[in-house]
**Student:** 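Sharing a structure here in structure tokens format.
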Amino acid sequence: MISTLLVANRGEIACRVFRTCRDLGIRTVAVHSDADAGALHARVADASVRLPGEAPADTYLRGDLIVEAAVAAGADAVHPGYGFLSENAGFARAVLAAGLRWIGPPPDAIEAMASKTRAKQLMGIRPLTEVTEADLPVLVKAAAGGGGRGMRVVRHLADLDAELAAARAEAVSAFGDGEVFVEPYVVDGRHVEVQILADTHGTVWPLGTRDCSLQRRHQKVIEEAPAPGLSAGLEDELCALAVRAARAVDYVGAGTVEFLVADGRAHFLEMNTRLQVEHPVTEAVFGIDLVAEQIRIAEGHPLETGPPRARGHAVEARLYAEDPSRGWSPQTGTLHRLSVSEPVRLDTGYTDGDTIGVHYDPMLAKVVAHAPTRTDALRKLASALERAVIHGPVTNRDLLVRSLRHPEFTAARMDTGFYDRHLPDLTQPSPDPHAPLAAALADARGRSRFGGWRNVPSSPQTKRYTGAGEEHEVRYRHTRQGLEAEGVRVVHADPRLVILEVAGVERKYHVTRYGSQVYVNTTALTALPRFPDPTAQHAPGSLLAPMPGTVVRVADGLTAGTPVKAGETLLWLEAMKMQHEITAPVTGTLTALSAVPGQQVEPGMLLAVVQKT
């Protein structure tokens, strides 16, 4: 029987596994890098062990140190979570060799399926060895790992070599394995997967389907169970193929078999020999705890005679600290507040006051809604996200809400190209026009005990804010009757709540301030100083670092004086184990280039200047 379990991972998944361990009465051990010394997963575990290392992003890939930590802490089992070493057969063997239980499939099964090239061969599918124009478009894909890292769509043969190199670099950074392969790219397909559970007694359960078609950079954003709109015959075929894949490698534990579905046909993608990020939707529909089942299976217990019956529909949204309107660029900073009050499930590795750093995936939380019907689940999740209090770095919250309400998605007509088609519309800013005024009125009440009224009429008070890339100037007056502003009636104003009557309708504005940052309902604003700093200006055409990261490459032959075209990639930044392209904003001439390969940059640092022609 397992008494103490170490999670060889971090963040949300470590916290999620610890939650089940507490329910089962199992003691918990966390491991952490120096960057994660104060992280939530390290704080909530019964014990934690520091993993030494100069590169925080690579610390959780040190299997030898993690095994040593498990032995030192007195753990008798290791759960790998997802990502990092979760599909590394060598790590699984090292855990077993140390006399510990491995909460996962046998190393041989991992080895057979964790390499996507070998998995395809096992299922009778051969990757492309030579690519011609007739094969395009193709997908370059990392053989190890997942999460969208090491994946590139190639539509032009001339781009193949560069995309292969970029995919290899991402794969090495994320998984320590630079093997990549090329396969046909299925256009307009749906990403559908089957959750399986298998015990050591020969029983394999297919636990229904999930649809994960809404993706950015080949990484899932919104997932749901069951996959809507599949015929009964296709669903049965997918489940049968999943069971076949599991039995082919004598699989044990929780796993997922992934497919692309197009024109009513299933195309095998891969088998993930671990727990998936989106496993909560299956848990909600089937009413089970997959982590608890993983532990029971590792202890040798058999599954019951048949899987539980599916009930209702569940949808999960991944809340990321990223800006979808700026190439999905990850965001960093202090997460002042994260609160979801609706009756939904919130899985997170952060708490109020934590710092979102540069070393790891920018996912803040997973929000999951379960309801009797798909329509109810979508409505419930969209409402919960819309009402959530999120104070901190820019997030994809608005994108998620709009996606969940988009007619193509609500009608279940989505595919993996959804964001390619709709991203510009989904990221159009829609600021509340009265949010800056509410911020100013709240500030006025907070700064003046007596309301600021004067016996002699004075000029209006003026305040300036920026938000959603625009500058806003608002004016108001202190009068005998209280605060007044043009076009609205100020019903109430205090430092935290402002009520405005607009066209006969009273609207509430909840205001929270953190220094110069002001949050008015879901609108984020930055208060501008009364007298701007003239030294803070940059020349027109300046390219500033959108995120902290490392310059990994500068375009060949790029020097001052080089002509460039709008949209042309000038350099590549690596942040959170992903490479991000920095492109020319206009067609013109590169007049300055300050970025060099290997350079560490911070947000707002000048990288280059392009003068428009």
**Student:** Okay, side chain of D188, backbone of G417: is any donor-acceptor separation there less than 3.5 Å?
**Tutor:**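 Checking the backbone N and O of G417 against the side chain of D188, no donor-acceptor pair under 3.5 Å is found.
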
**Student:** Heavy-atom distance under 4.5 Å between the side chains of T526 and Q517, does that happen here?
**Tutor:**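 T526 reaches Q517 side chain to side chain.
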
**Student:** Taking all non-hydrogen atoms of both residues, which atom of P393 and which atom of Q331 are closest, and how far apart?
**Tutor:**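 Heavy-atom minimum between the residues: CB-CB, 3.7 Å.
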
**Student:** Using a 3.5 Å cut-off and no angle test, enumerate the donor-acceptor pairs between side-chain atoms of residues 433-442 and protein atoms at least two apart in sequence or in another chain.
**Tutor:**
none

**Student:** For R318, is there an ion pair with D361 - N to carboxylate O distance below 4.0 angstrom?
**Tutor:**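 Salt bridge: no.
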
**Student:** Is the shortest side-chain heavy-atom distance between Y60 and N9 below 4.5 Å?
**Tutor:**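 Not in contact.
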
**Student:** Check for me whether the distance between the ring centres of H406 and F418 falls short of 6.0 Å.
**Tutor:**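 Yes - the distance between ring centres of H406 and F418 falls below the 6.0 Å cut-off.
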
**Student:** Using side chain to side chain contact (heavy atoms under 4.5 Å, CB included), reason through Q461 and R477 one step at a time and then give a plain yes or no.
**Tutor:** CA-CA 6 Å; Q461 300 291 308; R477 290 179 182 272; over 6 Å; no

**Student:** Is there a side-chain contact between R496 and V511 (heavy atoms, below 4.5 Å)?
**Tutor:**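 No, their side chains stay 4.5 Å or more apart.
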
**Student:** Should E193 and R210 count as an ion pair when the cut-off is N to O under 4.0 Å?
**Tutor:**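 Salt bridge between E193 and R210, a charged N being under 4.0 Å from a carboxylate O: yes.
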
**Student:** Take atom CD in E471; do more than 12 heavy atoms of anything else shown fall under 6.0 Å from it?
**Tutor:**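 Correct, the count exceeds 12.
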
**Student:** Not counting sequence neighbours, list each pair that qualifies as a ring-ring contact (aromatic ring centres under 6.0 Å, His included) and has a residue in residues 579-608.
**Tutor:**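 Non-adjacent pairs meeting ring-ring contact (aromatic ring centres under 6.0 Å, His included): zero.
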
**Student:** Provide the closest heavy-atom pair for V401 versus A382 in the form atom of the first, atom of the second, distance.
**Tutor:**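 Heavy atoms only, the tightest pair is CG2-O, 3.9 Å.
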
**Student:** What closest approach, in Å, do G11 and H41 show between heavy atoms, and which atom pair accounts for it?
**Tutor:**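 Closest approach of G11 to H41: N-ND1, 3.3 Å.
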
**Student:** Is it true that a side-chain atom of S339 and a backbone atom of V389 form a donor plus acceptor pair closer than 3.5 Å?
**Tutor:**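 Absent.
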
**Student:** Say you draw a straight line from CG of L338 to NE2 of H391; how long is it, rounded to the nearest 0.5 Å?
**Tutor:**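 Result: 10.5 Å between the selected atoms.
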
**Student:** For Q428, is there any backbone N or O sitting under 3.5 Å from a side-chain donor or acceptor partner on R402?
**Tutor:**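 Looks like yes, one N/O pair under 3.5 Å.
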
**Student:** Looking at CE of M414 and CZ of R421, how far apart are the two atoms once the value is rounded to the nearest 0.5 Å?
**Tutor:**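 Here the rounded value is 11.0 Å.
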
**Student:** For the side chain of N521 and the backbone of H510, is there at least one donor-acceptor N/O pair under 3.5 Å apart?
**Tutor:**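 Yes.
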
**Student:** Rounded to the nearest 0.5 Å, what separation is found between the CZ atom of R513 and the NE2 atom of H336?
**Tutor:**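 If I round to the nearest 0.5 Å, the distance is 12.5 Å.
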
**Student:** Is the shortest heavy-atom distance from the side chain of I390 to the side chain of L319 under 4.5 Å?
**Tutor:**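 Contact flag for I390/L319 side chains = yes.
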
**Student:** Could you walk me through whether L404 and L385 pass the side chain to side chain contact (heavy atoms under 4.5 Å, CB included) test, one step at a time?
**Tutor:** CA-CA 10 Å; L404 291 164; L385 287 165; 3.8 Å; yes

**Student:** Which heavy atom in Y350 sits nearest to a heavy atom in T355, and how many Å separate them?
**Tutor:**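 Smallest heavy-atom distance, with atoms named: CE2-O, 3.9 Å.
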
**Student:** Would L593 and V554 satisfy side chain to side chain contact (heavy atoms under 4.5 Å, CB included), going step by step from the backbone distance to the final call?
**Tutor:** CA-CA 10 Å; L593 177 64; V554 174; 4.0 Å; yes

**Student:** Any Lys/Arg nitrogen of R16 or D289 sitting under 4.0 Å from an Asp/Glu carboxylate oxygen of the other?
**Tutor:**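 D289 and R16: salt-bridged.
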
**Student:** How long is the span from the CH2 atom in W572 to the OG1 atom in T550, to the nearest 0.5 Å?
**Tutor:**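 If we round to the nearest 0.5 Å, W572:CH2 and T550:OG1 are 15.5 Å apart.
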
**Student:** Among T28, D347, V44, V291, exactly one meets side-chain contact (heavy atoms from CB on, under 4.5 Å) together with R19. Which residue is that?
**Tutor:**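 Answer after filtering T28, D347, V44, V291: D347.
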
**Student:** So, are R405 and E386 salt-bridged, with charged N and O less than 4.0 Å apart?
**Tutor:**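 Between E386 and R405 there is a salt bridge, with a charged N closer than 4.0 Å to a carboxylate O.
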
**Student:** CZ of R413 to CG of D415: how many Å apart, nearest 0.5 Å?
**Tutor:**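 Between R413 CZ and D415 CG, I get 10.5 Å after rounding to 0.5 Å.
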
**Student:** Does a donor on one side chain sit under 3.5 Å from an acceptor on the other, for E568 and T583?
**Tutor:**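 No - no donor-acceptor pair under 3.5 Å links their side chains.
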
**Student:** Contact between L570 and V610 at the side-chain level, heavy atoms closer than 4.5 Å - yes or no?
**Tutor:**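 Heavy-atom side-chain distance check passes, below 4.5 Å.
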
**Student:** I'd like to know if the side chain of E322 reaches the main chain of N396, judged simply by a donor and an acceptor atom lying under 3.5 Å from each other, with no hydrogens or angles considered.
**Tutor:**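 Pair absent, no side-chain N/O of E322 close to backbone of N396.
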
**Student:** Walk me through whether K220 and Q276 qualify under side chain to side chain contact (heavy atoms under 4.5 Å, CB included).
**Tutor:** CA-CA 11 Å; K220 301 159 189 173; Q276 293 278 87; 3.2 Å; yes

**Student:** Mind checking the CZ-OH spacing from R337 to Y519? Nearest 0.5 Å is all I need.
**Tutor:**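 With rounding to 0.5 Å, CZ (R337) is 12.5 Å from OH (Y519).
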
**Student:** For a quick test of reading the model, state the closest non-hydrogen atom pair linking G353 to T334 and the distance between them.
**Tutor:**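 Smallest interatomic distance, heavy atoms only, reads O-CG2, 4.0 Å.
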
**Student:** Is there a donor-acceptor pair under 3.5 Å between the side chain of S403 and the backbone N or O of L399?
**Tutor:**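 Checking the backbone N and O of L399 against the side chain of S403, a donor-acceptor pair under 3.5 Å is found.
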
**Student:** What pair of heavy atoms forms the shortest contact from H218 to V153, and how long is it?
**Tutor:**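 Closest approach of H218 to V153, heavy atoms only: CE1-CG2, 3.3 Å.
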
**Student:** Under the 3.5 angstrom rule, does the side chain of S594 hit a backbone N or O of L607 as a donor-acceptor pair?
**Tutor:**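 Yes, S594 side chain to L607 backbone: donor-acceptor pair under 3.5 Å.
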
**Student:** Keeping R464 on the side-chain end and P529 on the backbone end, is there a donor-acceptor pair under 3.5 Å?
**Tutor:**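 Checking the backbone N and O of P529 against the side chain of R464, a donor-acceptor pair under 3.5 Å is found.
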
**Student:** When you compare the side chain of E501 with that of V488, does any pair of heavy atoms fall below 4.5 Å?
**Tutor:**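 SC-SC contact between V488 and E501 ruled out.
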
**Student:** Quick one: are P280 and R345 in side-chain contact, heavy atoms under 4.5 Å?
**Tutor:**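 They are in side-chain contact.
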
**Student:** Less than 3.5 Å apart, which donor and acceptor atoms pair up between the side chains of residues 365-375 and the rest of the protein, not counting sequence neighbours?
**Tutor:**
residue : atom : partner : partner atom : Å
K366    : NZ   : E12     : OE2          : 2.9
K366    : NZ   : V277    : O            : 2.7
H370    : NE2  : R311    : O            : 2.8
T373    : OG1  : D376    : N            : 3.1
T373    : OG1  : D376    : OD2          : 3.1
R374    : NE   : E224    : OE1          : 2.6
R374    : NH1  : F409    : O            : 3.1
R374    : NH1  : T410    : O            : 3.0
R374    : NH2  : E224    : OE2          : 3.0
R374    : NH2  : F409    : O            : 2.9

**Student:** Please answer whether the main-chain N or O of G83 pairs with a side-chain N or O of S86 as donor and acceptor at a distance below 3.5 Å.
**Tutor:**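 Between the backbone of G83 and the side chain of S86 there is a qualifying donor-acceptor contact (under 3.5 Å).
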
**Student:** Can a salt bridge be assigned to the pair R475 and E473 using a cut-off of 4.0 Å between side-chain N and carboxylate O?
**Tutor:**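 Salt bridge: yes.
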
**Student:** Any side-chain to backbone donor/acceptor pair from R387 onto V340? Under 3.5 Å, distance only.
**Tutor:**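 No; judged by distance alone, with no hydrogens or angles, the pair does not exist.
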
**Student:** Please examine the side chains of V490 and L500, heavy atoms only from C-beta on, and report whether any two atoms are closer than 4.5 Å.
**Tutor:**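 Yes - at least one pair of side-chain heavy atoms lies under 4.5 Å apart.
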
